[in-house]
Protein chains: 4
Amino acid sequence: MNDGPDIEGGGNAKTVAANQLRAFIERVERLEEEKKTIADDIKEVYAEAKGNGFYTKAIRELVKLRKQDAGERAEHEAIVELYKAALGMA
Amino acid sequence: MNDGPDIEGGGNAKTVAANQLRAFIERVERLEEEKKTIADDIKEVYAEAKGNGFYTKAIRELVKLRKQDAGERAEHEAIVELYKAALGMA
Amino acid sequence: MNDGPDIEGGGNAKTVAANQLRAFIERVERLEEEKKTIADDIKEVYAEAKGNGFYTKAIRELVKLRKQDAGERAEHEAIVELYKAALGMA
Amino acid sequence: MNDGPDIEGGGNAKTVAANQLRAFIERVERLEEEKKTIADDIKEVYAEAKGNGFYTKAIRELVKLRKQDAGERAEHEAIVELYKAALGMA
DNA sequence: CACTGGAAAATGCCGC
DNA sequence: GCGGCATTTTCCAGTG
């Protein structure tokens, strides 16, 4: 029923697998903590901007636009090719 | 413990709430079925296009681009205002 | 055997392909509109349920459960329990 | 009292605001990059677990469970069970 | 048939 | 406190 890593196998394979599982989970949890810390930092920046009289929503939009624009040039260059492909002119 | 709609309340309120709950769920299920039907129709269209020699991925991309462009003009017209707002020039 | 819709042919094959492409795209767009309408209907149902005091998160869960096949649900649960045991989680 | 960062003031207040705006945006962008790095690390951990034969979906579920407060988990479960009972679902 | 990428759903956040 | 929105996570089809 289980082709996983021998958690229910005989011997001490079970223990090994359990330890491994625990290790994976703890690594994930550690990383998620770090991620949350950074997310909080971002919130602080926005709060600070707001405290300086900036309109937060607009700043968020600008950040988003700049992110889009980054990937967009490459995409726009690809559009001509895209149309050709769509028309079967590959 | 529960400020929901009297499912555990005395009298026949329980029955009423259960019927109501069932009704909501069935409405959702019915709608999800319809939605799935349409999703399948969309897949069929793509399959047909593919059968006609078109490059499906490109068509998907074009559909997406057209959708973006729709909302985008309004947005671009709003950007100047946005920058002003971001600079506190509201 | 057919690498694209009539590109190689002379005459207005390209125009034909473009028209066909447009037709496919429009069919998809029409269907996606319908799909969105239904998605909105579903949201409305949940909103109405909420307005009647129900806990929508639980309703969503029930809808999902009812959709799942009993067998796969059991199997999934078995694995989770197995891992829990490995971690010493009651 | 201060509706925006020094717009009303004479001189180069506008430039100051623009610089400040740029600074906020760059701080956010820097942090979002870091956040993405960590998110990628998390994906890697799951990939590695998978490579070791683990069922990642179950691991994700465990991580979520461990994060949840026991009390709210119980409450949520209680409501789901209540609704199940109302629907006659074993 | 496992993997990647993209759509759909769910969660959480922000502003009102 | 709630509704709407954006992000995140989950799921699934398509692909090699």
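Chain letters run A, B, ... following the sequence lines, proteins first and then strands; every chain starts at 1. Please read these numbers as outputs of a predicted model, since none were measured by experiment.
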Residue of the set D:K64, D:R66, D:R60 for which salt bridge (charged side-chain N to carboxylate O under 4.0 Å, His left out) holds with A:E29 =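 It is D:R66; the other options fail the test.
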End axis versus end axis in the helix from E:dC1-F:dG16 to E:dC16-F:dG1, the angle rounded to 10°, five pairs used at each terminus =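 Answer rounded to 10°: the end axes differ by 10°.
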C:H76 vs D:E61, side chain to side chain donor-acceptor pair (under 3.5 Å): CA-CA, chis, key distance, verdict = CA-CA 11 Å; C:H76 172 81; D:E61 198 167 329; 2.7 Å; yes
Salt bridge or not for D:K84 and D:E81, using N-O below 4.0 Å?
->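 Counted as a salt bridge, because a side-chain N and a carboxylate O are separated by less than 4.0 Å.
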Note: A:E34-A:R30 ion pair, threshold 4.0 Å (strictly below) =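 A salt bridge is present here (some side-chain N lies under 4.0 Å from a carboxylate O).
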Between D:Y83 and C:Y55, is there a donor-acceptor pair closer than 3.5 Å when you use the side chain of the first and the backbone of the second?
->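 Yes, the answer is positive, given that a donor and an acceptor are paired below the 3.5 Å cut-off.
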d([atom1], [X]; [atom2], [N]) in whole Å:
X     : N      : atom1 : atom2 : answer
A:E44 : E:dC13 : CD    : P     : 15 Å
A:E32 : E:dT11 : CD    : P     : 15 Å
A:I59 : E:dC14 : CD1   : C1'   : 14 Å
D:H76 : E:dT11 : NE2   : P     : 8 Å
A:K67 : F:dT7  : NZ    : P     : 6 Å
D:I38 : F:dT9  : CD1   : P     : 12 Å
A:I42 : E:dC14 : CD1   : P     : 11 Å
C:L65 : E:dA9  : CG    : P     : 16 Å

F:dT9 phosphate, OP1 or OP2, under 4.0 Å from A:K35 side-chain N/O =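 It does, given that an N or O in the side chain of A:K35 lies less than 4.0 Å from OP1 or OP2 of F:dT9.
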Heavy-atom side-chain contact between [X] and [Y] under 4.5 Å:
X     : Y     : value
B:K50 : B:Y46 : no
D:E44 : D:D41 : yes
C:F54 : B:I7  : yes

When rounded to the nearest 0.5 angstrom, what is the spacing between NZ in D:K43 and CG in A:L31?
->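 So the gap between those two atoms works out to 12.5 Å.
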What string of B, S and - do you get for nucleotides 10-16 of chain F, 5' to 3', when a contact is any protein heavy atom under 4.0 Å?
-> SS-S-S-
